[in-house]
Chemist: 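Sharing a structure with you now.
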Amino acid sequence: MELGLVGLGKMGGNMRERIRRAGHTVIGYDRNPDLADVHSLEELVGKIRGPRVVWVMVPAGAATQSTIDELAELLDPGDIVVDGGNSRWTDDERHAEELAAKGIGFVDCGVSGGVWGLENGYALMYGGDAENIAKVQPIFDALKPEGDLGAVHAGKVGAGHFSKMVHNGIEYAMMQAYAEGWELLEAVDSVTDVREVFRSWQEGTVIRSWLLDLAVNALDEDEHLEQLKGYAQDSGEGRWTVEAAIDNAVPLPAITASLFARFASRQDDSPQMKMVAALRNQFGGHAVEKK
C-alpha cells in the first residue's frame with residue numbers, strides 16, 4: 001500500500017520507518033527538508049496513486065487545520081485523510097464535515113507509544129466510518145503491536161481522539177501516584193534505597209506497569225533526580241479530559257488533581273514533578289528542564 005505521511009518528527013519519523021518495514025511505500029513530507037522525501041504537499045499528493053491515504057502527524061490546532069485545508073484542495077473524491085496527531089475530538093467533527101463536502105473521507109486516530117513505538121508498536125484508537133477504516137487498515141496493522149491487542153475502532157469520527165484523550169488523563173493520574181509515592185519514600189530516613197524499592201515493585205505487585213519500568217529507568221540514569229527541575233508541562237489533553245468530565249457531569253477527582261499538581265509545579269521546585277518530568281521524557285522524549 002502507498003501512504004502519504006505529513007510530519008516526520010519524533011513520532012512521525014519512527015512511524016514512517018515502521019510502516020516501511022512492513023513492506024508499504026511511504027512518501028513523507030516535513031517542513032524540515034532534511035527529514036522530507038518531497039518538498040511540498042502538492043508533490044506528495046502527486047507521488048501516490050489514488051485512492052490516496054494521507055496521514056497527518058503535526059501539532060494540534062492551527063498546524064493541523066492548515067494542513068487539512070491544503071489537502072482538501074489537492075486531494076480527489078474517494079481519497080482519505082487520517083489525523084494521527086493529538087487533536088481535540090470536536091475538531092475532528094468539523095474536519096470530517098469540511099472534507100466530506102469535497103467527497104474526501106476522514107479518520108481520526110489517537111496514537112500512543114512515544115519514542116518506543118518503532119520497536120514495540122503503537123497503540124491505536126481510531127474513529128470514523130467502517131468503509132474509510134477498511135481502506136486504512138493495512139497501515140493500522142503495520143503500526144500496531146504484535147498480537148491481537150493494541151488497536152481498536154473506537155466508534156464514530158472523534159471517538160479515536162476522545163479515547164486517546166481519556167488515556168492521557170489516566171496517564172496523568174498514574175504518573176502522579178508514582179511521583180507522590182517516590183517523594184514520600186525519599187523523605188523518610190528509614191528507607192535507604194528508594195530506587196531499589198521501585199525496582200522490586202516491577203515483579204509480583206499489583207502496581208507493576210510500563211510507567212513503573214520507565215521510572216526505574218529514570219532513577220538508573222539519575223538516582224535522586226537531582227539533575228532535573230521539578231517542573232512538568234501538560235500537552236493539553238489532561239485539560240480537555242477535565243473539561244469533558246465537567247460537560248458530562250462525570251467526577252474525575254484523581255485526574256483533575258494530577259493536572260492541578262502540574263500547574264503547582266510551575267510555582268516552585270516540586271520533588272514530585274521531577275519524577276513526572278522524568279517519566280514524560282522516558283516514554284515520549286518530552287523535553288525536561290535541567291537545574
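The structure displayed is predicted, hence computed values, not measured ones. Just so you know, these numbers use all the heavy atoms, side chains as well, and skip hydrogens, waters and symmetry mates.
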Chemist: Check whether the side chains of Y178 and S209 place a donor and an acceptor atom closer than 3.5 Å, and report yes or no.
Modeler: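 Side chains of Y178 and S209: pair found under 3.5 Å.
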
Chemist: For R49, give me all partners under side-chain hydrogen bond (donor to acceptor under 3.5 Å, both in side chains), at least two apart in sequence or on another chain.
Modeler: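 For R49 the side-chain hydrogen bond (donor to acceptor under 3.5 Å, both in side chains) partners, ignoring immediate neighbours, are E2.
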
Chemist: Report the residue from L5, V56, L35, V38 that forms a side-chain contact (heavy atoms from CB on, under 4.5 Å) with Y29.
Modeler: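 By the side-chain contact (heavy atoms from CB on, under 4.5 Å) criterion, Y29 pairs with just one of L5, V56, L35, V38: V38.
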
Chemist: So do Y126 and I133 actually touch side chain to side chain, heavy atoms under 4.5 Å?
Modeler: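 Of all side-chain heavy-atom pairs linking Y126 with I133, at least one is under 4.5 Å.
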
Chemist: Taking side-chain hydrogen bond (donor to acceptor under 3.5 Å, both in side chains) as the test, write out the residues that go with Q202, two or more places apart.
Modeler: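 If we apply the side-chain hydrogen bond (donor to acceptor under 3.5 Å, both in side chains) test to Q202, skipping adjacent residues, the hits are D213.
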
Chemist: Taking a hydrophobic cluster as the set of Ile, Leu, Val, Met, Phe, Trp and Tyr residues connected by side-chain heavy atoms closer than 4.5 Å, whether directly or through intermediates, do V188 and V197 fall within one such cluster?
Modeler: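 Yes: a chain of side-chain contacts under 4.5 Å links V188 to V197.
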
Chemist: So, do M175 and L211 sit near enough that their side-chain heavy atoms are less than 4.5 Å apart?
Modeler: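 Of all side-chain heavy-atom pairs linking L211 with M175, at least one is under 4.5 Å.
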
Chemist: Please assess E243 against R239 for the test salt bridge (charged side-chain N to carboxylate O under 4.0 Å, His left out), listing each intermediate value before the final yes or no.
Modeler: CA-CA 6 Å; E243 290 170 6; R239 301 186 190 208; over 6 Å; no

Chemist: With under 30° as parallel and over 60° as perpendicular, where do the rings of W210 and W116 fit, or are they tilted in between?
Modeler: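 Perpendicular: the ring planes of W210 and W116 meet at over 60°.
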
Chemist: Please tell me whether I80 and W55 are part of a single hydrophobic cluster in this structure, the criterion being side-chain heavy atoms less than 4.5 Å apart.
Modeler: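 Looking at the clustering, W55 is in the same group as I80.
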
Chemist: State, yes or no, whether a side-chain contact exists between R195 and F198 at a heavy-atom distance under 4.5 Å.
Modeler: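 SC-SC contact between R195 and F198 ruled out.
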
Chemist: I want to check something: taking the side chain as every heavy atom from C-beta on, are L214 and N217 in contact at a cut-off of under 4.5 Å?
Modeler: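 A side-chain contact under 4.5 Å exists here.
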
Chemist: Mind checking what makes side-chain hydrogen bond (donor to acceptor under 3.5 Å, both in side chains) contact with T90, not counting sequence neighbours?
Modeler: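 Testing T90 for side-chain hydrogen bond (donor to acceptor under 3.5 Å, both in side chains), a comparison that skips the adjacent residues, returns R88.
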
Chemist: May I ask whether I139 and V45 are part of the same hydrophobic cluster, defined by side-chain heavy atoms of I, L, V, M, F, W, Y residues being less than 4.5 angstrom apart, directly or through others?
Modeler: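 No: no chain of side-chain contacts under 4.5 Å links I139 to V45.
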
Chemist: Can a salt bridge be assigned to the pair R199 and D220 using a cut-off of 4.0 Å between side-chain N and carboxylate O?
Modeler: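 D220 and R199: salt-bridged.
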
Chemist: Using a cut-off of 6.0 Å, state whether more than 12 heavy atoms not belonging to Q137 lie near its atom CD.
Modeler: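 Yes, because the 6.0 Å sphere around CD of Q137 holds more than 12 heavy atoms from other groups.
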
Chemist: Check this for me: N32, atom CG, are more than 12 non-hydrogen atoms of other residues, nucleotides or ligands nearer than 6.0 Å?
Modeler: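 Result for CG/N32: enclosed.
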
Chemist: Kindly state each residue pair satisfying side chain to side chain donor-acceptor pair (under 3.5 Å) with at least one member in residues 275-287, sequence neighbours excluded.
Modeler: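 Those involving residues 275-287 are E221-Q282.
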
Chemist: Regarding R18 and the six-membered ring of Y122, is the cationic atom NZ or CZ under 6.0 Å from the ring centre and inside 45° of its axis?
Modeler: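 Checked: cation-pi criterion not met.
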
Chemist: With sequence neighbours left out, write down each residue that passes side-chain hydrogen bond (donor to acceptor under 3.5 Å, both in side chains) with R94, or none if nothing qualifies.
Modeler: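 side-chain hydrogen bond (donor to acceptor under 3.5 Å, both in side chains) list for R94, sorted by chain: Q65, D91.
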
Chemist: Is the backbone N or O of A123 less than 3.5 Å from a side-chain atom of S112, with the two atoms forming a donor-acceptor pair by type?
Modeler: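 No; zero donor-acceptor contacts below 3.5 Å.
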
Chemist: Indicate the atoms forming the closest heavy-atom contact of A154 with S163, along with that distance.
Modeler: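 Shortest heavy-atom separation between A154 and S163 comes out as CB-OG, 3.7 Å.
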
Chemist: Taking 4.0 angstrom as the limit, do K274 and E183 come out as a salt bridge?
Modeler: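 E183 and K274: not salt-bridged.
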
Chemist: Would you say that more than 12 heavy atoms from the other residues, nucleotides or ligands in this model lie under 6.0 Å from the CZ of R266, or not?
Modeler: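 Yes, because the 6.0 Å sphere around CZ of R266 holds more than 12 heavy atoms from other groups.
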
Chemist: Taking only residues two or more places apart in sequence or in another chain, which ones pass side chain to side chain contact (heavy atoms under 4.5 Å, CB included) with E186?
Modeler: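 If we apply the side chain to side chain contact (heavy atoms under 4.5 Å, CB included) test to E186, skipping adjacent residues, the hits are W182, V194, H224.
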
Chemist: Under a 4.0 Å N-O cut-off, is there an ion pair linking D37 with R16?
Modeler: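 Salt bridge flag = yes for R16 with D37.
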
Chemist: I'd like to know if K164 pairs up with E237 as an ion pair, taking the criterion as any Lys NZ or Arg NE/NH1/NH2 lying under 4.0 Å from an Asp or Glu carboxylate oxygen.
Modeler: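 Salt bridge between K164 and E237, a charged N being under 4.0 Å from a carboxylate O: yes.
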
